[in-house]
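Quick caveat: nothing in here was measured; it's all calculated off a predicted structure. Nothing fancy with the numbering, it's 1 onward along the sequence.
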Amino acid sequence: MAESKYESHVTSVPCDAHTIYSVLGNLDNINKVRDRIPQDKIQELEAGEDFIRLKVDGLGQKITVRIVDRIPDDTLKFGCDNLPMQMNFWIQLKQVTPADTRLRLTLKADIPMMFRMMLEKKIQKGLDDAADMLTQFPYAQWL
């Protein structure tokens, strides 16, 4: 299997990098939006400061997403356990002004060649949608 790398488009978040990093770097904050998570897709969600454990519809087992590395106000790197393939992703922040931080998501995954062509467009759309969603969080209210 060859490792594939995908990057979202760059989004602009109307907030400083430190605030965004502080909110996204505490995975327990997922509990603040728990009611918005589709229960038919995700069950048995538990969260702590450095991890989220959940059961995703279609996988049949609990997966864990955990923070594996932090560069303050710059990058959060995540690893995933119990997936049928190796995968990690990270969130990159670049503050332009105190009210404008650029955000990009990157995903690396060992996707078998026969699935890569089927999944590339869906992965790209998912990353772009997730980056857009992250621009909408009320970061300052969550500290």
Side-chain angles (χ1 to χ4, degrees), residues 2-112 115-143:
E3 188 172 77
S4 299
K5 181 178 177 181
Y6 304 92
E7 293 181 338
S8 73
H9 57 258
V10 176
T11 62
S12 177
V13 183
C15 191
D16 64 280
H18 178 74
T19 301
I20 298 167
Y21 176 87
S22 297
V23 170
L24 297 179
N26 181 353
L27 297 179
D28 192 45
N29 282 325
I30 194 79
N31 289 311
K32 294 177 181 174
V33 293
R34 185 182 285 266
D35 60 325
R36 297 182 200 166
I37 297 171
Q39 298 300 310
D40 61 326
K41 305 278 188 230
I42 295 176
Q43 302 92 33
E44 301 178 39
L45 176 69
E46 7 170 356
E49 186 176 340
D50 294 324
F51 77 93
I52 298 172
R53 198 169 291 117
L54 52 105
K55 189 172 183 181
V56 178
D57 186 45
L59 286 181
Q61 63 197 23
K62 275 191 173 182
I63 62 169
T64 302
V65 176
R66 58 190 156 61
I67 297 176
V68 296
D69 194 15
R70 300 169 187 265
I71 302 171
D73 305 340
D74 184 89
T75 306
L76 289 162
K77 293 185 180 182
F78 300 85
C80 300
D81 298 326
N82 293 331
L83 286 175
M85 68 186 101
Q86 281 293 110
M87 182 179 87
N88 59 46
F89 66 97
W90 55 98
I91 301 171
Q92 296 167 284
L93 304 171
K94 176 70 174 161
Q95 184 170 306
V96 178
T97 69
D100 182 10
T101 299
R102 304 301 160 94
L103 180 144
R104 179 174 52 197
L105 305 176
T106 303
L107 171 81
K108 281 189 179 179
D110 286 332
I111 302 172
F115 295 115
R116 195 173 304 148
M117 294 295 284
M118 291 186 301
L119 296 175
E120 281 184 336
K121 287 182 182 177
K122 290 180 181 185
I123 291 170
Q124 187 63 54
K125 181 177 180 351
L127 281 175
D128 288 339
D129 290 350
D132 289 340
M133 179 192 68
L134 290 173
T135 66
Q136 305 301 315
F137 279 18
Y139 293 101
Q141 296 173 17
W142 283 16
L143 285 180

For Gln43, does the CD atom sit with more than 12 other heavy atoms under 6.0 Å from it, leaving out its own atoms?
yes

Could you check whether atom CE of Met133 has more than 12 heavy atoms from other residues, nucleotides or ligands sitting under 6.0 Å from it?
yes

Roughly how far apart are Leu93 CG and Leu24 CG, rounded to 0.5 Å?
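Between Leu93 CG and Leu24 CG, I get 7.0 Å after rounding to 0.5 Å.
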
Please enumerate all residues that pass salt bridge (Lys or Arg N to Asp or Glu O under 4.0 Å) together with [X], with sequence neighbours excluded.
| X | value |
| --- | --- |
| Glu120 | none |
| Asp129 | Lys125 |
| Asp74 | none |

Can you pull out every side-chain hydrogen bond (donor to acceptor under 3.5 Å, both in side chains) where at least one residue sits in residues 133-143? Sequence neighbours excluded, please.
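Applying side-chain hydrogen bond (donor to acceptor under 3.5 Å, both in side chains) to every pair that reaches into residues 133-143, excluding sequence neighbours, yields nothing.
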
Under 3.5 Å, sequence neighbours excluded: what are the donor-acceptor pairs made by side chains of residues 64-71?
residue, atom, partner, partner atom, Å
Thr64, OG1, Arg53, NE, 3.3
Arg66, NE, Asp81, OD2, 2.9
Arg66, NH2, Asp81, OD1, 2.8
Arg70, NH1, Gly25, O, 2.9
Arg70, NH2, Gly25, O, 3.2
Arg70, NH2, Asp50, OD1, 2.2

Who are the side-chain contact (heavy atoms from CB on, under 4.5 Å) partners of [X], not counting sequence neighbours?
| X | value |
| --- | --- |
| Thr106 | Lys5, Glu7, Trp90, Gln92, Arg104 |
| Ile123 | Tyr6, Leu107, Ile111, Leu119, Leu127 |
| Glu44 | Lys55, Lys62 |

Mind jotting down which residue pairs meet the ring-ring contact (aromatic ring centres under 6.0 Å, His included) criterion with at least one end in residues 66-85? Sequence neighbours excluded, please.
Phe78-Phe89

Before you tell me yes or no, could you show the steps for Ile52 and Leu45 under side-chain contact (heavy atoms from CB on, under 4.5 Å), namely the whole-Å CA-CA distance, both residues' side-chain angles and the distance that decides it to 0.1 Å?
CA-CA 7 Å; Ile52 298 172; Leu45 176 69; 3.3 Å; yes

Scan for salt bridge (Lys or Arg N to Asp or Glu O under 4.0 Å) pairs involving residues 82-100, sequence neighbours excluded, and state none if there are none.
Asp100-Arg102

Who passes side chain to side chain donor-acceptor pair (under 3.5 Å) against Asp28, sequence neighbours left out?
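Per chain and number, Asp28 pairs via side chain to side chain donor-acceptor pair (under 3.5 Å) with Asn31.
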
Can you find a pair of side-chain heavy atoms, one from [X] and one from [Y], that are under 4.5 Å apart?
| X | Y | value |
| --- | --- | --- |
| Lys108 | Ser4 | no |
| Val10 | Leu103 | no |
| Ile63 | Leu54 | yes |

Validation: residues 14-21 side-chain donor-acceptor distances under 3.5 Å, sequence neighbours left out:
residue, atom, partner, partner atom, Å
Asp16, OD1, Thr19, OG1, 2.8
Asp16, OD2, His18, N, 3.2
Asp16, OD2, Thr19, N, 3.0
Asp16, OD2, Thr19, OG1, 3.1
His18, ND1, Asp73, OD1, 2.9
His18, ND1, Asp73, OD2, 3.4

Ser8 side chain to Leu105 main-chain N or O, any donor-acceptor pair under 3.5 Å?
yes

